Amino acid sequence: MQNTVAKVAVVGSGISGSVCAATLARNGISVILFDSARGPGGRMSQRREISEDGRELLFDHGAPYFTVTNPDVLSVVTEWESRGLVAEWKSNFGSFDCFTNKFVNTEHQERESKKYVGVPGMNSICKALCHEPGVDSKFNMGIGKFEWLEHENLWSLIGLDGQHLGHFKGVVASDKNIASPRFTAITGQPPPLDIITKVIQELSNNCGYHKSQLYLAGDLSLAPELVKLHDIPIDPCFALMLGFNEPLSLVPANGLSFTNSKVLSRAHCESSKPGRSSTSERWVLHSTTEYAKDVIAQSGLEKPSKETLSKVGNEMLQEFLGTGLTIPQPFFMKAHRWGSAFPATSIAKEEKCVWSEKKKLAICGDFCLSPNVEGAILSGLAAASKLKGLIGTL
């Protein structure tokens, strides 16, 4: 990339980063968005698979849908709906008790809460936002280091491959692992915002400070919430994508939660959503957190092997077949691990994002406010609002 100064870098193209980037662009702030993945979406990404007989299969293997209660988010979602990016998923939802082997509340559960899905996939929203005028999106480009240039009042971003990606007047990061040792466990490299790790280690070792007491003075100044990024607890999950030749007509709901199961937490019928192909019946199953933690405790945080994923897939499928209904064997089955996707705590409930005004650094995501799509949207809007307020200085 050319060594020029762009206004704002947004790191991460999940719903929080995408909302923030598009909001900034609409307010006249030029944005370069970076993501290590092949395309946008994060947990709202869509998985494309090809079966052995050549059929294309699409799965929303992360968030199956989202609900809205906040009026600001509802306004945003209504605009998306008018553009054809989202639609309401009108279907039956219920739960299955694995102790009694019975379905319950399979018709009207939570019908008062509209369930929205991206059209034709959950990633459609992020795709559109990442390509709005003023947003320059760069995929397959992970960030290896955020470096604050004190004398220039700028951020320098370095890629995982060591490439210099440019100087920026402001930075938004929507990845909870940017300052976490979990990043090192997965990639073998120091966290991109490693200054937190260094300061914590130095002060804890030399001065006896506890993490919750740390502030970076002057500006090195980071809010206590930013220090909390060092070790956000997470809930892992496995997703199992299934393809069937025939509809599962004996399953009385297209969205299910499971109770009294050590393996499954929920399931949804992908092909029942609006805008999806119905040429085959496609389901996505999600594991419980406890099950995923047990597997990771045995296999480690590294990318799971084919053998591990195969074992996980078989165990999740057997639990699904154990509903006692006549469910045929799938013609397609593939497991995916969400190793650190789901935050188990919120670190900025009041502010909705973490913000350093002097450094023009915002951290946003569902880990700031609430661990769902609506929380991620609100956090992205809050981060954009912080930077919009400094538009004259950018």
Side-chain angles (χ1 to χ4, degrees), residues 1-2 4-37 39-42 44 70 72-80 83 85-86 123-139 141 143 146 148-149 153-157 165-176 178 192-193 223 226 348 351-369 373-394:
M1 294 182 60
Q2 293 182 347
T4 56
V5 177
K7 287 194 173 179
V8 174
V10 174
V11 180
S13 67
I15 190 64
S16 192
S18 298
V19 164
C20 182
T23 304
L24 290 172
R26 289 186 180 189
N27 283 271
I29 299 176
S30 63
V31 175
I32 298 182
L33 183 148
F34 299 96
D35 200 298
S36 59
M44 290 182 71
N70 181 279
D72 293 333
V73 177
L74 182 59
S75 175
V76 171
V77 172
T78 300
E79 191 258 337
W80 292 345
R83 295 168 59 186
L85 299 177
V86 304
N123 65 344
S124 300
I125 305 167
C126 295
K127 274 186 176 180
L129 298 177
C130 288
H131 292 95
E132 291 215 352
V135 179
D136 181 10
S137 295
K138 299 184 182 299
F139 298 103
M141 197 169 287
I143 303 301
F146 295 75
W148 174 245
L149 306 177
N153 232 26
L154 295 172
W155 284 97
S156 173
L157 264 59
L165 302 178
H167 291 148
F168 301 89
K169 295 182 178 179
V171 169
V172 179
S174 61
D175 181 357
K176 71 181 75 61
I178 61 164
L193 205 56
L226 199 52
E351 290 294 321
K352 301 176 185 174
C353 69
V354 179
W355 171 240
S356 171
E357 182 172 347
K358 183 172 182 180
K359 291 190 175 181
K360 302 178 183 65
L361 169 67
I363 312 291
C364 63
D366 58 359
F367 53 91
C368 289
L369 185 59
V373 173
E374 182 176 36
I377 294 172
L378 274 171
S379 186
L381 290 172
S385 178
K386 296 292 187 184
L387 283 160
K388 277 171 16 185
L390 298 174
I391 190 168
T393 65
L394 291 176

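Because the structure is a prediction, the values reported are computed rather than measured. Only heavy atoms go into these numbers, but all of them, side chains included; no hydrogens, no water, no symmetry mates.
- Applying the side chain to side chain contact (heavy atoms under 4.5 Å, CB included) criterion to Ser36, with sequence neighbours excluded, gives no partner residue.
- Scored by the ring pair (Phe, Tyr, Trp, His ring centres under 6.0 Å) test, Trp80 finds no partners at all (sequence neighbours excluded).
- Rounded to the nearest 0.5 angstrom, Ile143 CD1 and Asp175 CG are separated by 10.5 Å.
- Panel note: side chain Ser174, backbone Val11; a donor-acceptor pair is recorded below 3.5 Å.
- Among residues at least two apart or in separate chains, side chain to side chain donor-acceptor pair (under 3.5 Å) pairs with a member in residues 8-18 are Ser13-Asp35.
- Atom CG of Leu129 and atom SG of Cys20 lie 11.0 Å apart (nearest 0.5 Å).
- Scored by the side-chain hydrogen bond (donor to acceptor under 3.5 Å, both in side chains) test, Asp366 finds Arg43 as partners (sequence neighbours excluded).
- Using modelled atom types, one side-chain atom of Trp155 and one backbone atom of Lys359 make a donor-acceptor pair closer than 3.5 Å.
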* To do: Could you give me the CA-CA distance, side-chain angles and deciding distance for Lys386 and Val172, then say whether side chain to side chain contact (heavy atoms under 4.5 Å, CB included) is met?
  => CA-CA 10 Å; Lys386 296 292 187 184; Val172 179; over 6 Å; no

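- Put simply, the side chain of Ser385 never gets that close to the backbone of Leu381: no donor and acceptor are under 3.5 Å apart.
- Dense packing is recorded around CD of Glu132, with more than 12 heavy atoms of other residues, nucleotides or ligands lying under 6.0 Å away.
- Partners of Lys352 according to the side-chain hydrogen bond (donor to acceptor under 3.5 Å, both in side chains) rule, which considers only residues two or more places apart in sequence or in another chain, do not exist here.
- For the pair Lys358 and Trp148, the tightest heavy-atom approach, listed with the atom from each and the gap, is O-CH2, 4.1 Å.
- At least one side-chain heavy atom of Ile363 sits under 4.5 Å from a side-chain heavy atom of Ile178.
- Ile125 and Leu85 get closest at one heavy-atom pair: CG1-O, 4.0 Å.
- Remark: Ala21 engages Val10, Val31, Leu33, Val135 in a side chain to side chain contact (heavy atoms under 4.5 Å, CB included) (not counting sequence neighbours).
- Evaluation of the salt bridge (charged side-chain N to carboxylate O under 4.0 Å, His left out) rule for Lys127 yields no partner, not counting sequence neighbours.
- For the residue pair Leu165 and Phe168, the shortest heavy atom distance occurs at O-CZ, 3.7 Å.
- A search for side chain to side chain contact (heavy atoms under 4.5 Å, CB included) contacts involving Asn70 returns Asp72, Val73, Glu374, Leu378, not counting sequence neighbours.
- For Ser379, the side-chain hydrogen bond (donor to acceptor under 3.5 Å, both in side chains) criterion is met by no residue, not counting sequence neighbours.
- In this structure, Phe139 and His131 have tilted ring planes: the angle between them lies in the 30° to 60° band.
- Scanning both residues, Val354 and Ala348, for their nearest heavy atoms gives CG2-CB, 4.1 Å.
- Here the side chains of Val19 and Val76 are not in contact, with every heavy-atom distance at 4.5 Å or above.
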* Leu157 vs Phe146, side chain to side chain contact (heavy atoms under 4.5 Å, CB included): CA-CA, chis, key distance, verdict -> CA-CA 5 Å; Leu157 264 59; Phe146 295 75; 4.1 Å; yes

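- Taking CG of Leu154 as the start and NZ of Lys360 as the end, the distance is 9.0 Å to the nearest 0.5 Å.
- In terms of the side-chain hydrogen bond (donor to acceptor under 3.5 Å, both in side chains) criterion, Asn123 has no residue partners (sequence neighbours excluded).
- Across all their heavy atoms, Pro40 and Cys126 have their closest contact at CB-CB, 3.9 Å.
- One distance of note links OG of Ser30 with CG of Asp136; it measures 9.5 Å at 0.5 Å rounding.
- Applying the side chain to side chain contact (heavy atoms under 4.5 Å, CB included) rule to Ser156 yields the partners Glu147, Leu149, Ile158, His164, His167; only residues at least two apart in sequence or on another chain are considered.
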